[in-house]
Amino acid sequence: MDRANFFKDVYEVVRQIPKGRATSYGAIAQYLGVKSGARMVGWAMNASFTENNYVPAHRVVNRNGLLTGKHHFKNPNEMANLLREEGIEVEGNQIKNFADCFWDPSVELAL
DNA sequence: AAGCTGACTATGG
DNA sequence: GCCATAGCCAGCT
């Protein structure tokens with residue numbers, strides 16, 4: 001596939017994450033069909049900052065529900081803050097009820 | 001052009 | 001249970 005399309009697809013998926021939910025890089029990568037493209041998803045998020053379209057990257061965390069990407073935000077606290085406002089309980093840099101608010105595109109979007 | 005890096009994940013010790 | 005290693009793909013220097 002076109003890598004540009006891959007990035008675009010990642011953005012679309014992330015934007016479709018419902019409020020109060022969160023997903024993992026691996027889940028998105030798997031949904032896109034990329035076996036181990038989790039890193040690319042994260043990289044796409046980094047590129048999303050350059051995109052004109054806003055992407056709720058704060059809803060994307062690693063497989064452990066850890067807010068690994070918070071450090072890349074303008075304000076690292078903003079990521080946890082946004083998640084907390086959406087009803088997601090955040091313990092330090094990790095989502096407490098991650099399993100409860102986990103949103104799997106492969107299931108929810110059910111392509 | 002070639003090599004490094006990176007917001008990951010899984011496996012092994 | 002925590003630290004180290006490997007596999008992965010695309011962008012950036």
Side-chain angles (χ1 to χ4, degrees):
Chain A
M1 69 171 72
D2 292 77
R3 38 249 188 285
N5 187 35
F6 170 73
F7 272 55
K8 184 180 178 184
D9 208 351
V10 173
Y11 302 148
E12 282 190 65
V13 174
V14 176
R15 289 198 205 97
Q16 287 168 72
I17 300 174
K19 179 187 172 193
R21 302 281 193 189
T23 190
S24 64
Y25 306 95
I28 297 173
Q30 191 173 29
Y31 170 71
L32 295 178
V34 184
K35 198 177 181 70
S36 301
R39 292 169 132 175
M40 302 299 88
V41 176
W43 199 249
M45 294 293 93
N46 189 25
S48 75
F49 282 91
T50 63
E51 285 287 313
N52 295 324
N53 303 325
Y54 170 71
V55 179
H58 60 275
R59 292 180 186 158
V60 185
V61 295
N62 73 343
R63 219 227 100 8
N64 289 315
L66 200 66
L67 281 56
T68 49
K70 62 182 288 184
H71 222 212
H72 288 259
F73 282 75
K74 297 178 178 67
N75 293 313
N77 191 36
E78 184 175 307
M79 186 172 185
N81 187 26
L82 289 169
L83 289 171
R84 205 174 302 131
E85 283 194 49
E86 292 186 356
I88 300 176
E89 297 180 67
V90 180
E91 175 75 53
N93 62 333
Q94 184 175 22
I95 298 174
K96 292 166 70 175
N97 57 340
F98 179 59
D100 184 61
C101 65
F102 181 68
W103 181 84
D104 190 342
S106 303
V107 177
E108 302 302 318
L109 298 181
L111 184 64

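Please read these numbers as outputs of a predicted model, since none were measured by experiment. Naming: A, B, ... by sequence-line order, numbering from 1 per chain. Every heavy atom of this structure was used, including side-chain atoms; hydrogens, water molecules and symmetry mates were not.
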Which letters describe nucleotides 7-13 of chain B, given B = protein heavy atom under 4.0 Å from base, S = only from sugar-phosphate, - = neither? BBSS---

Tightest non-hydrogen contact, residues A:A80 and A:G92, listed as CB-O, 4.4 Å

Residue pairs meeting side chain to side chain donor-acceptor pair (under 3.5 Å), one or both in residues 12-30 of chain A, sequence neighbours left out, come to none

ILVMFWY cluster membership beyond A:M79 - transitive side-chain contacts under 4.5 angstrom: A:F49, A:V61, A:L67, A:F73, A:L83, A:I88, A:V90, A:I95, A:F98, A:F102

What residues from residues 80-103 of chain A pass a heavy-atom cutoff of under 4.0 Å to DNA chain B? none

Who are the side chain to side chain contact (heavy atoms under 4.5 Å, CB included) partners of A:E85, not counting sequence neighbours? A:N81

Report the residues that fulfil side chain to side chain contact (heavy atoms under 4.5 Å, CB included) with A:E89, sequence neighbours left out, ordered by chain and then residue number. A:K96, A:N97

Between A:N75 (side chain only) and A:N77 (backbone N and O only), is there a donor and an acceptor less than 3.5 Å apart? no

Are side-chain heavy atoms of A:V60 and A:I17 found at a separation under 4.5 Å? yes

